[in-house]
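Take a look at the structure below.
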There are 2 protein chains.
Amino acid sequence: MDLDDTDREILRILQEDARTPFSEVARRIDMSSATVHDRVNRMQEAGVIEGYHAKVDPREVGFGISAIVGLRVEQGREKDTLDRLSAVEGVQEIHLTTGEWDVMARVYAEDADALRELMFEEVAQMDGFARSQTMVVLGTEHETEELPV
Amino acid sequence: MDLDDTDREILRILQEDARTPFSEVARRIDMSSATVHDRVNRMQEAGVIEGYHAKVDPREVGFGISAIVGLRVEQGREKDTLDRLSAVEGVQEIHLTTGEWDVMARVYAEDADALRELMFEEVAQMDGFARSQTMVVLGTEHETEELPV
DNA sequence: GTTGAAAAAATATTGAG
DNA sequence: CTCAATATTTTTTCAAC
C-alpha cells in the first residue's frame, strides 16, 4: 500500500496513543474526522495497522525478570520445535536469526527462580534444542513501540 | 498496585484490542462501563497501563530488515554511550544484559544496505563500543504484545 | 479523496447505595 | 466498589462536491 504524508501523520499519532479520538486526530492534521476514519480503515484493511494494544508494565503483573535467549535448533525439526517453544507461557518473541544462534527469543518470568525453571527445566529440556544461552535483562535503557514513519 | 481478577480481565481485553469501547469491555466482564472506566483510570495512574499503541507493520512503512545486536561497552562511559545509541533512528530497544554482551539492541533498517550502513558506519564507529555482533532477523516465528496476565 | 451534517454509539461525570 | 442517569463527545454513515 502506498502511504502519503497524511497517512504517516495519522500513524505517528496512533502509534503514540492508540486511543486518540479520530476527531482529535482530524483537528491535529487539519482534516475532517470522516477522512481520518476512512484512511484508518484502509490502513487496517491493508495490514499497515496490525492492531492496537495496551502496553502493560510487566512488573506490575508479576513478571519481575526477563531474558534474551539464544538457541541452537537441531536440523530437520525446526518447525515442530519452534511451535512447542511458542506455546510456552512467558515466551513473547521468537526470531530466526543469522549468526551465532539460530533463534533468539524474549522470555518473561516471575522471578529468577521461575526463569531458571523455565529455561533449564522447560526449554533446555525440550527435544530439538542443541544448546542455549540465557542473557538476563538487567535493565532497559530505551524502548519504543513507535517506528519512525 | 494490587490487581484483582476483574482488573486482569480488563487488561487482557485492552492488550488484545486497545480501542475496544469501555461499554463493550463492560458487557464482556458483566459490569457497568463506569466501573470499567474507573478501573482503567486507576491502572493508568498506577502505571500498570503504560499506554496504548497502534502496531504498525514495519515492512509497510519501509523497514524491510531488522537485527538483534550484541554490544560490548567500554567501562566508565556506559551512560553517555547508550544515550547516543538511543538517539540513532531505527534503534527500537536497548537492554543491559548479563552474559556474552553488555547490551542487546533491536534495530530496524530499510534494507540490507541501510542496515550495514547503520551498524558499521554509525554504531560500530561510535566511541564507547568495544565490539559488536549483528544477528539479522530472517523471520519472526512468534511475537505477541500481550503478557499473560 | 474529501466534506458536512445527522444518527447512533460511546465516554465522562455526578450523586447515591 | 459499583451502579444508574445524564451531559458531553465521538464514531459512523452517507449524500454531495
Side-chain angles (χ1 to χ4, degrees), chain A residues 1-63 110 144-149, chain B residues 1-63 110 144-149:
Chain A
M1 178 184 179
D2 267 1
L3 301 173
D4 64 17
D5 289 349
T6 303
D7 292 323
R8 289 171 190 276
E9 280 197 74
I10 293 170
L11 287 181
R12 272 193 288 273
I13 293 168
L14 293 181
Q15 280 192 116
E16 197 177 317
D17 182 358
R19 286 191 78 100
T20 310
F22 292 171
S23 58
E24 195 194 320
V25 176
R27 252 195 307 282
R28 287 208 234 163
I29 66 174
D30 208 41
M31 288 198 173
S32 77
S33 59
T35 299
V36 172
H37 188 255
D38 187 54
R39 282 171 177 265
V40 169
N41 273 348
R42 277 188 293 114
M43 289 194 281
Q44 281 177 182
E45 276 156 31
V48 176
I49 297 174
E50 297 179 330
Y52 307 93
H53 306 284
K55 171 91 179 68
V56 172
D57 185 342
R59 286 182 221 193
E60 291 280 358
V61 292
F63 294 100
E110 189 181 341
T144 174
E145 321 285 310
E146 295 156 49
L147 292 166
V149 296
Chain B
M1 178 183 178
D2 267 0
L3 301 172
D4 64 17
D5 289 347
T6 302
D7 292 324
R8 289 171 190 275
E9 281 197 73
I10 293 171
L11 286 181
R12 272 193 288 275
I13 293 168
L14 293 181
Q15 280 192 118
E16 197 178 317
D17 181 0
R19 287 192 77 101
T20 310
F22 292 172
S23 58
E24 196 194 319
V25 176
R27 248 196 310 282
R28 287 208 234 164
I29 67 175
D30 208 42
M31 289 200 171
S32 76
S33 58
T35 300
V36 173
H37 186 253
D38 188 53
R39 283 171 177 264
V40 169
N41 271 349
R42 275 187 296 113
M43 290 194 280
Q44 282 177 182
E45 275 156 31
V48 177
I49 297 174
E50 297 179 330
Y52 308 92
H53 305 284
K55 171 92 178 69
V56 172
D57 185 343
R59 285 183 224 192
E60 292 280 357
V61 292
F63 293 100
E110 187 181 343
T144 175
E145 321 286 311
E146 294 156 50
L147 291 167
V149 296

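Just so we're on the same page: letters track the sequence lines, and every chain starts at 1.
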Looking only at heavy atoms, the pair that brings Ala46(A) and Met1(A) closest together is CB-SD, 3.4 Å
May I ask you to decide whether Glu16(B) forms a salt bridge with Arg12(B), counting only side-chain N to carboxylate O separations under 4.0 Å? no
Leu3(B) and Val149(B), any side-chain heavy atoms less than 4.5 Å apart: no
Which heavy atom of Asp7(B) sits nearest a heavy atom of Arg39(B), and at what distance? OD1-NH1, 2.8 Å
Rounded to the nearest Å, what distance is computed from the OH atom of residue Tyr52(A) to the C1' atom of nucleotide dT11(D)? 13 Å
Atom CD1 of Ile29(A) to atom P of dG1(C): distance rounded to whole Å? 14 Å
Protein within reach of the bases, or only the backbone? For nucleotides 10-17 of chain C, mark each nucleotide 5' to 3' as B, S or -, using heavy atoms under 4.0 Å. SSSB----
Write down the distance between CE (Met1(B)) and P (dC1(D)), rounded to a whole number of angstrom. 8 Å
For the residue pair Thr144(A) and Gln15(A), establish whether any side-chain heavy-atom pair is separated by less than 4.5 Å. no
Is Lys55(A) close to Glu145(B) at the side-chain level, that is, under 4.5 Å between some pair of heavy atoms? no
Has Asp30(A) got more than 12 heavy atoms of other residues, nucleotides or ligands less than 6.0 Å from its CG? no
Rounded to whole angstrom units, what separation is found between the CD atom of Glu9(B) and the C1' atom of dT2(D)? 16 Å
Minimal heavy-atom distance between Val56(A) and Leu147(B), with the atoms involved, is O-CD1, 3.7 Å
Between Thr35(A) and dG1(C), is there a side-chain N or O to OP1/OP2 distance below 4.0 Å? no
Rounding to 10°, can you tell me the angle the first-five-pair axis of the helix from dG1(C)-dC17(D) to dG17(C)-dC1(D) makes with its last-five-pair axis? 30°
How close or far is atom P of dC1(D) from atom CG of Asp30(B), stated in whole angstroms? 18 Å
